[in-house]
Peer 1: 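Pasting a structure below so you can have a look.
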Amino acid sequence: MATRFLVLYAFERDDEPGDSRLGLAVPKAVGTAVTRNRIKRQLREAWAARLERIPADRDYVLKVKPGLPEAVEAQGFEWLGDRLDEVLGKAAA
């Protein structure tokens with residue numbers, strides 16, 4: 001599932017049941033190490049806030065596309081949460 005700034009991959013888990021797990025892929029094209037780490041922290045926080053709505057027993061990989069850090073800086077953290085909701089909504093459909 002993809003949006004303008006995020007791509008979400010979902011994988012079924014074969015091991016013991018539990019909460020969903022998140023992996024983040026932030027390529028160097030997104031920005032400097034400081035920028036990449038900041039966006040990862042923000043995405044983890046937004047993910048944790050939505051954890052009860054995310055289907056368990058799956059692994060997720062969230063890939064960031066270039067331009068997201070600048071958009072988050074301009075639009076704010078709530079906007080990032082809306083983008084995450086958008087990609088999760090596509091995954092649920």
Side-chain angles (χ1 to χ4, degrees):
M1 292 58 71
T3 62
R4 165 68 179 91
F5 293 110
L6 296 169
V7 179
L8 180 69
Y9 299 96
F11 303 96
E12 295 291 328
R13 288 176 57 180
D14 295 331
D15 59 350
E16 60 188 62
D19 290 336
S20 62
R21 298 185 295 187
L22 174 67
L24 295 171
V26 185
K28 286 185 179 181
V30 171
T32 64
V34 172
T35 302
R36 294 191 311 268
N37 287 330
R38 181 182 303 122
I39 199 69
K40 285 192 277 188
R41 282 193 307 271
Q42 291 171 332
L43 283 168
R44 279 190 209 104
E45 183 178 340
W47 185 269
R50 290 153 178 79
L51 198 55
E52 68 273 353
R53 296 183 291 182
I54 298 171
D57 300 332
R58 287 189 181 174
D59 290 336
Y60 296 93
V61 176
L62 193 58
K63 181 180 175 191
V64 175
K65 293 183 180 178
L68 180 65
E70 293 83 5
V72 171
E73 188 173 325
Q75 304 290 331
F77 182 73
E78 292 297 321
W79 179 86
L80 178 62
D82 293 342
R83 300 296 68 79
L84 187 56
D85 288 337
E86 181 182 357
V87 77
L88 286 170
K90 284 186 174 186

Peer 1: Quick check: are there more than 12 heavy atoms from other residues, nucleotides or ligands sitting under 6.0 Å from CD of E70?
Peer 2: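 Enclosed.
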Peer 1: What closest approach, in Å, do Y60 and S20 show between heavy atoms, and which atom pair accounts for it?
Peer 2: CE1-CB, 3.6 Å
Peer 1: Does the R50 side chain pair with the main chain of G81, one donor and one acceptor, at a distance under 3.5 Å?
Peer 2: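 Yes.
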Peer 1: Does F11 belong to the same Ile/Leu/Val/Met/Phe/Trp/Tyr cluster as L43, with side-chain heavy atoms less than 4.5 Å apart forming each link?
Peer 2: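 F11 does not cluster with L43.
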Peer 1: In this structure, which one of L22, L88, V7, V26 forms a side-chain contact (heavy atoms from CB on, under 4.5 Å) with L62?
Peer 2: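 Running side-chain contact (heavy atoms from CB on, under 4.5 Å) over L22, L88, V7, V26 with L62 returns exactly one hit, L22.
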Peer 1: So, taking the atom named CZ in R36 and the one named CG in L24, what distance separates them when rounded to the nearest 0.5 Å?
Peer 2: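 The CG atom of L24 is 13.0 Å from CZ of R36, to the nearest 0.5 Å.
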Peer 1: Does the side chain of V64 reach to within under 4.5 Å of the side chain of K40, using non-hydrogen atoms?
Peer 2: no
Peer 1: Quick check: does any side chain N or O of K65 sit under 3.5 Å from a backbone N or O of T3, one acting as donor and the other as acceptor?
Peer 2: yes
Peer 1: In plain terms, say whether R13 and D57 are close enough for a salt bridge, that is, a side-chain N and a carboxylate O under 4.0 Å apart.
Peer 2: no
Peer 1: L51 and Y9: same hydrophobic cluster, using ILVMFWY side-chain contacts below 4.5 Å?
Peer 2: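 As far as the 4.5 Å side-chain criterion goes, Y9 and L51 are not connected within one cluster.
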Peer 1: When hydrophobic residues are tied together by side-chain contacts of less than 4.5 Å, even through go-betweens, does L8 share a cluster with V61?
Peer 2: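 Different clusters.
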Peer 1: Apply side chain to side chain contact (heavy atoms under 4.5 Å, CB included) to residues R83 and V72 and explain how you reach the verdict.
Peer 2: CA-CA 10 Å; R83 300 296 68 79; V72 171; over 6 Å; no
Peer 1: Would you say CD of E52 has more than 12 non-hydrogen atoms from neighbouring residues, nucleotides or ligands within 6.0 angstrom?
Peer 2: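 Above 12, so yes.
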Peer 1: Can you tell me how far apart CG (L84) and CH2 (W79) are? Round to the nearest 0.5 Å.
Peer 2: 11.0 Å
Peer 1: With side chain to side chain contact (heavy atoms under 4.5 Å, CB included) as the test, would you mind laying out the steps for L68 and V30 before giving the verdict?
Peer 2: CA-CA 8 Å; L68 180 65; V30 171; 5.8 Å; no
Peer 1: Any chance you could measure I39, atom CD1, to L80, atom CG, to the nearest 0.5 Å?
Peer 2: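 Nearest 0.5 Å value for the CD1-CG distance: 5.5 Å.
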Peer 1: Taking the side chain as every heavy atom from C-beta outward, state whether Q42 and E45 have any pair of such atoms under 4.5 Å apart.
Peer 2: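 Counting from C-beta outward, Q42 and E45 never come under 4.5 Å.
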